[in-house]
Structures are given as structure tokens and as C-alpha cells.
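Have a look at the structure below, then the notes.
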Amino acid sequence: MSHLYWEGAAIAARYAKYRPIPPAGLINRILEFLKEKYTGPLNIAYDVGCGSGQSTQFFAPHFSRIIGTDLSPSQVEQAAEQNKYPNIFYKVSPAETIPEKDGTVQLISASQAAHWFDLPKFYEEGRRALCKGGVLCMYGYELPKFVWPKDPSKENLLNAAMMDFYNGDLAHYVLTPSKDLYLGRYTLEKFNISFAPETVRDDSFCHDVESTVEDMVMYTATWSGFNNFCKKNGDEAGLKLLEKYRNKLMEILNVPTSPAETYFTKRSSYFMLMGRNL
């Protein structure tokens, strides 16, 4: 890819602050799946396309060594600065390269990232690096939903406003890989893990967190489509676009509080694909 839509110190900081953190139950499901067939020591896990490390940290209690990799130096720097675990290491590296000996890795995980990979090369490298019984896992989440108990009738309007922002304002800037994620939910044939006898899908995980209108607006500023818009039109145009979206949300809610003081529940629904190297 000629341009990294997630590169730059400001974008990496927004990733770290506003991107969802996967629910603990999802991580536990990955580990359960791994342990169904693999009974050896958990020596090495890779979290590829790790961004600012939100997903990487959850593997710290379970593996002797965890390596988070990303193409973006800024994202890796952000992840390393926030790292609190002595057994987690971050490096700049493509997902299609796992710098380990053949058959030595127990888990390769990709959170909200696999749609950007060269999947045939990624699968081939995964097959090489994984031990027998090792697992490759790819997961992500849909566009978050607004939950507004004060007036549930407004939830559809709020969610429609987000879709209008994604499919309307950013229509010419959202790339196909992003649509494979947010709209397609990794259902295309190419997301079936080629070396695995079976690709197991799990759509059961959902995560609710308290959020604010301002947080949701700034979350959209982490989208590749938004950053593509800014690349082509300038940061000032991007700020104006965010302000338009912010105003739309506040108009729907019609509350006296500021965007930073207007709270709601943000619901993220996850989907996950897992396959074993047998």
C-alpha cells in the first residue's frame, strides 16, 4: 500500500485513545480454541497489525513472549510508550513476515487489521511459523452503535447519522478494504484461512462501554477513510467535516450538555475467524 492511512503521531494518539478495546471474553475464546488441540507451552504469540497495542496487552498473562507488529512506526512507538508488560515487545514489520523459526509460534492474531493484508502471503507465513495445533485468528468489529436509554427512539437516527458520515461524506474516500471490514464483516471467501481444515466463525461477542458524543466523533477521526479525506483535502477541511458530524449528533439529541459531557452507551459487535495449523 503506497500510503499508510494510520501513520503519523497524531493519528496514533487518536488510535490509542478512541479505538475500542476488545472484550476479555473474546480473548478467552481465542485461548480456549487454541487449547482444544494444543497442549504444549504457550511460548510465543504475535499480534500483527497491532496499531497502538490495544489488543496486544491482553495476551500478556498467557504467553511467555508476545510480539506486536505494525507497518506504522508511529503506531509502534505509541504502543511501546504505553507498554506496561516486560514480556511484550513491539516492532515495525509487515503482517506477512513473522521473524521466527518454522513451527515455533502458538498464536497469530490480527485485530481490526486483516483486511489490509496480502492474505495469501499472510496465510502462507502463518502456516510456516505456527506450530502444529497453533492458531491464526482474525477479528474485528462493526461500526459502533449508539445506545440512548433516555430516548431509544433516537438511536436509529444517531446510527443513521454515522452511516451517512461513512457512506455519504466519506463515500469517495473509504477504500474497499475498510468496507470488507465494517460492512462485509470478513464474510468474503478470501477471509477463509487457506491452510486450516476449517475456518471457525464466532459472532457472539458484544461490548458496551460508556462514551460521549465527543469520543464518538473523535473515533471517526481514526478511520482510514477520514484520514484519506484529510490527505486529499487538508486537515482544516477534515476538522470542518468532524464539526458537521458533531453538530448533527447534537441536533438529534437536543440536550443542553456539551458533546464532551453528553454520555451514551457505545456498543461494539465483534466477529472472529479462527483456524488451526494441523
Side-chain angles (χ1 to χ4, degrees), residues 1-7 12 15 22 30 33-34 37-38 43-56 59 63 65-76 79 88-141 174-202 224-225 227-228 270-278:
M1 183 170 295
S2 60
H3 180 76
L4 298 182
Y5 297 98
W6 50 90
E7 170 59 7
Y15 259 69
I30 297 172
F33 184 80
L34 171 61
K37 299 293 184 182
Y38 177 79
N43 293 323
I44 305 173
Y46 266 72
D47 187 28
V48 295
C50 68
S52 48
Q54 287 98 326
S55 56
T56 318
F59 296 115
F63 291 84
R65 182 163 59 97
I66 304 100
I67 300 90
T69 66
D70 201 280
L71 273 178
S72 164
S74 297
Q75 295 283 1
V76 168
I88 293 182
F89 307 89
Y90 292 99
K91 63 174 63 178
V92 177
S93 180
E96 300 82 5
T97 299
I98 306 293
E100 301 289 343
K101 295 179 180 178
D102 293 1
T104 57
V105 177
Q106 284 72 53
L107 175 67
I108 299 171
S109 177
S111 172
Q112 203 77 356
H115 48 291
W116 297 112
F117 300 168
D118 182 328
L119 289 172
K121 291 183 179 179
F122 176 55
Y123 296 149
E124 181 58 27
E125 182 68 343
R127 183 201 60 76
R128 181 199 66 78
L130 285 171
C131 65
K132 293 299 180 183
V135 166
L136 187 148
C137 173
M138 305 178 291
Y139 66 93
Y141 49 84
V174 173
L175 285 78
T176 297
S178 176
K179 295 177 183 179
D180 289 344
L181 171 78
Y182 286 123
L183 304 181
R185 304 173 72 252
Y186 289 2
T187 54
L188 296 177
E189 178 68 24
K190 65 181 180 180
F191 292 105
N192 287 331
I193 300 166
S194 62
F195 61 80
E198 179 186 15
T199 297
V200 176
R201 186 177 183 94
D202 192 331
S224 57
N227 289 296
N228 188 24
Y270 285 78
F271 48 89
M272 177 165 58
L273 302 175
M274 298 179 290
R276 293 187 180 91
N277 187 33
L278 297 179

Closer than 3.5 angstrom, by distance alone: can the side chain of R128 be matched with the main-chain N or O of I98 as a donor-acceptor pair?
yes
For A114 and L119 the tightest heavy-atom approach is O-CD2, 3.6 Å
Begin with the C-alpha distance, continue with both residues' side-chain angles, and end with the deciding distance and a verdict on side-chain contact (heavy atoms from CB on, under 4.5 Å) for L181 and F271.
CA-CA 10 Å; L181 171 78; F271 48 89; 3.6 Å; yes
E96 (side chain) donor-acceptor with E125 (main chain) under 3.5 angstrom:
no
side-chain contact (heavy atoms from CB on, under 4.5 Å) assessment of Y90 paired with T56:
CA-CA 9 Å; Y90 292 99; T56 318; 3.4 Å; yes
Which pair of heavy atoms, one from I30 and one from M274, lies closest together, and at what distance?
CA-SD, 4.1 Å
Flag the pair V135 / Y38 as yes when at least one side-chain heavy-atom distance between them is below 4.5 Å, and no otherwise.
no
Within a strict 4.5 Å, meaning less than it, do heavy atoms of the Q75 and C50 side chains meet?
no
Working for side-chain contact (heavy atoms from CB on, under 4.5 Å), residues L130 and I108
CA-CA 8 Å; L130 285 171; I108 299 171; 3.9 Å; yes
Between R127 and E124, is there a salt bridge with N-O shorter than 4.0 Å?
yes
Close side-chain approach of F33 and D202, heavy atoms under 4.5 Å
no
If every non-hydrogen atom of D70 is compared with every non-hydrogen atom of G51, which pair is closest and at what distance?
OD2-N, 2.8 Å
Spatial distance of atom CZ (F59) from atom CG (L107) [nearest 0.5 Å]
5.0 Å
For residues 45-55, pull every pair meeting salt bridge (charged side-chain N to carboxylate O under 4.0 Å, His left out), keeping only residues two or more places apart or in separate chains.
none
Shortest non-hydrogen contact from P22 toward Y270
CA-OH, 3.5 Å
Quick one: closest heavy-atom pair of I193 and M138, and the distance?
CG1-CE, 3.9 Å
Determine whether a donor-acceptor pair (N or O, by modelled atom type, separation under 3.5 Å) exists between the side chain of Q106 and the backbone of I44.
yes
Out of curiosity, Y46 OH to R65 CZ, how far, rounded to the nearest 0.5 Å?
5.5 Å
All heavy atoms of G53 vs all of A79, minimum pair found to be N-CB, 3.9 Å
Using a 4.5 Å cut-off on heavy atoms from C-beta on, say whether the side chain of K91 contacts that of P99.
yes
CG of N192 to OG1 of T199: how many Å apart, nearest 0.5 Å?
4.5 Å
Rounded to the nearest 0.5 angstrom, the SG-CG distance for C131 and L34 is 7.5 Å
Evaluate the side-chain proximity of S224 to W116: yes if any heavy-atom separation is below 4.5 Å, no if none is.
yes
Given side chains that start at C-beta, do those of F117 and P177 come closer than 4.5 Å, heavy atoms only?
no
Could you check I67 against T69 for side-chain contact (heavy atoms from CB on, under 4.5 Å), going step by step and ending with a plain yes or no?
CA-CA 6 Å; I67 300 90; T69 66; 3.8 Å; yes
Roughly how far apart are Q112 CD and S178 OG, rounded to 0.5 Å?
8.5 Å
For the OH atom of Y141 and the OG atom of S111, what is their distance to the nearest 0.5 Å?
7.0 Å
Residues in ring-ring contact (aromatic ring centres under 6.0 Å, His included) with F191, at least two apart?
Y186
